[in-house]
*Asks:* 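What follows is a single structure, and I will ask about it in a moment.
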Amino acid sequence: MAFVLAVLARGAASRAGLCGARFGAKTAAAAAVRTTDAANALCALTQMRRGCSAACWPLAALKDARRGALLANSAARTTLRMCEASSAAGTELIAPAEANARRESGGWKVLDVRSAEEFASARIPGSVNAALMLQTGASADLTAPGALVPNPKFVDELNALSLPRDAKLLVICGSGKRSKLAVKRLSALGYTALADVEGGMKNWKASGSLPLEH
């Protein structure tokens with residue numbers, strides 16, 4: 001009788017281990033998909049595996065765990081691709097006051113992508129110029145700026161500045177539109193530390209306290 005009871009007890013324990021392990025693995029897999037956190041999912045599954053003996057971690061539960069890990073890794077890779085695309089498509093957007101603080105710290109250089117005429121009329125001290133666009137039909141005092149067309153020599157002007165690809169660049173233009181295009185172009189050229197100055201020189205001047213040269 002004692003032997004029969006022992007056999008029945010072992011069978012019940014095995015079935016309980018099967019149900020518990022499978023339920024735990026499926027729960028972990030579902031959580032992984034919801035959070036797209038592959039690292040946490042794998043960690044949870046590993047802890048579950050260590051908490052059970054080999055006898056109560058059946059093949060079905062291992063398959064569930066593997067499926068959950070694969071789903072979590074796939075979701076994590078998708079999130080990573082989205083972050084990388086976002087980083088390539090855009091860049092850090094900072095206010096003029098923050099840009100000036102970085103400029104004064106000595107670690108950042110201002111790259112002005114306005115036309116040469118705009119740059120000559122007013123500029124940030126220590127900034128350098130490579131025109132992304134050229135003005136056509138502009139008046140001498142720039143009150144009638146005329147049309148803007150792409151500058152075919154932009155890369156040549158940029159290379160003439162001898163800025164290393166890892167240079168920390170504060171990119172600015174007239175109102176923020178050209179600088180957004182410029183950071184995409186710069187990123188494609190291999191520049192890795194870029195900050196777009198929000199609102200361009202318009203916001204810089206509007207502050208009333210940031211330095212300018214004429």
Side-chain angles (χ1 to χ4, degrees), residues 36-37 76 78-214:
T36 68
D37 191 342
T78 299
T79 301
L80 179 60
R81 285 195 297 269
M82 289 173 64
C83 290
E84 289 174 342
S86 176
S87 177
T91 191
E92 188 180 13
L93 186 65
I94 62 173
E98 171 63 18
N100 189 53
R102 294 190 189 187
R103 181 188 70 85
E104 291 182 339
S105 73
W108 291 76
K109 188 77 172 177
V110 178
L111 174 62
D112 194 322
V113 296
R114 296 176 299 158
S115 67
E117 294 84 0
E118 291 172 290
F119 184 73
S121 67
R123 58 197 171 276
I124 298 169
S127 60
V128 293
N129 177 233
L132 181 69
M133 311 284 282
L134 299 177
Q135 287 188 318
T136 60
S139 61
D141 60 0
L142 297 180
T143 55
L148 290 171
V149 296
N151 179 12
K153 296 183 179 180
F154 173 68
V155 175
D156 293 337
E157 292 181 15
L158 190 63
N159 290 337
L161 298 175
S162 300
L163 297 170
R165 290 298 190 265
D166 61 351
K168 296 179 178 179
L169 300 178
L170 300 164
V171 185
I172 196 167
C173 67
S175 63
K177 294 179 180 178
R178 281 172 285 177
S179 61
K180 283 180 172 54
L181 297 174
V183 293
K184 291 179 183 179
R185 185 83 179 274
L186 291 165
S187 179
L189 291 171
Y191 290 88
T192 57
L194 303 170
D196 183 4
V197 182
E198 187 176 15
M201 291 298 291
K202 180 180 179 180
N203 282 5
W204 188 282
K205 294 175 182 177
S207 72
S209 59
L210 299 178
L212 279 174
E213 289 180 346
H214 297 278

*Asks:* Say you draw a straight line from CG of L194 to CH2 of W108; how long is it, rounded to the nearest 0.5 Å?
*Replies:*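 So the gap between those two atoms works out to 7.5 Å.
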*Asks:* What pairs of donor and acceptor atoms, side-chain ones from residues 200-207 against any protein atom, are under 3.5 angstrom apart with sequence neighbours left out?
*Replies:*
residue: N203; atom: ND2; partner: E198; partner atom: O; Å: 3.3
residue: W204; atom: NE1; partner: P211; partner atom: O; Å: 2.9
residue: S207; atom: OG; partner: W204; partner atom: O; Å: 2.7
residue: S207; atom: OG; partner: S209; partner atom: N; Å: 3.4
residue: S207; atom: OG; partner: L210; partner atom: N; Å: 3.4

*Asks:* Just how far is it from atom CD of E118 to atom OG of S121, taken to the nearest 0.5 Å?
*Replies:*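 So the CD of E118 and the OG of S121 are separated by 7.0 Å.
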*Asks:* Please tell me if the side chains of I172 and V110 come closer than 4.5 Å, counting only heavy atoms from C-beta onward.
*Replies:*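 I172 vs V110: side chains touch.
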*Asks:* Look up atom CG in L93 and atom OG in S179, then write down how far apart they are to the nearest 0.5 Å.
*Replies:*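 Rounded to the nearest 0.5 Å, the CG-OG separation comes to 8.0 Å.
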*Asks:* What's the spacing between R123 CZ and H214 NE2 if we round to 0.5 Å?
*Replies:*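 One finds 9.0 Å between CZ of R123 and NE2 of H214.
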*Asks:* Would you name the heavy atoms of S115 and Q135 that are closest together and state the gap between them?
*Replies:*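 Scanning both residues completely, I find the closest heavy atoms to be OG-OE1, 3.4 Å.
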*Asks:* Taking only residues two or more places apart in sequence or in another chain, which ones pass side chain to side chain contact (heavy atoms under 4.5 Å, CB included) with A130?
*Replies:*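 L111, F154, E157, L158, L161.
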*Asks:* Can you tell if the side chain of S127 reaches within under 4.5 Å of the side chain of R103, non-hydrogen atoms only?
*Replies:*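 S127 does not reach R103 side chain to side chain.
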*Asks:* Would R185 and V155 satisfy side chain to side chain contact (heavy atoms under 4.5 Å, CB included), going step by step from the backbone distance to the final call?
*Replies:* CA-CA 9 Å; R185 185 83 179 274; V155 175; 3.4 Å; yes
*Asks:* For the atom pair CG (L148) and NZ (K177), what is the distance rounded to the nearest 0.5 Å?
*Replies:*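 Here the rounded value is 10.0 Å.
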*Asks:* On a heavy-atom basis, which atom in A116 and which in N129 lie closest, and how many Å separate them?
*Replies:*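 The pair with the smallest heavy-atom distance is CA-OD1, 3.8 Å.
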*Asks:* Apply side chain to side chain contact (heavy atoms under 4.5 Å, CB included) to E92 and D196, showing your working.
*Replies:* CA-CA 6 Å; E92 188 180 13; D196 183 4; over 6 Å; no
*Asks:* So, for A182 and V171, which heavy atoms are closest and what is the spacing to 0.1 Å?
*Replies:*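 It is CB-CG1, 3.9 Å.
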*Asks:* Run the side chain to side chain contact (heavy atoms under 4.5 Å, CB included) check on D112 and I124 step by step: do they pass?
*Replies:* CA-CA 8 Å; D112 194 322; I124 298 169; 5.9 Å; no
*Asks:* Does the side chain of L134 reach to within under 4.5 Å of the side chain of P152, using non-hydrogen atoms?
*Replies:*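 SC-SC contact between L134 and P152 confirmed.
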*Asks:* Go through the structure and list residues passing side chain to side chain contact (heavy atoms under 4.5 Å, CB included) with E98, not counting sequence neighbours.
*Replies:*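 Here the qualifying residues are I94, R102.
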*Asks:* Scan L181, L186, N151 and name whichever one has a side-chain contact (heavy atoms from CB on, under 4.5 Å) with L132.
*Replies:*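 Exactly one pass, corresponding to L181.
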*Asks:* For residues 161-170, which residue pairs pass the side-chain hydrogen bond (donor to acceptor under 3.5 Å, both in side chains) check, not counting sequence neighbours?
*Replies:*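 For residues 161-170: R165-Y191.
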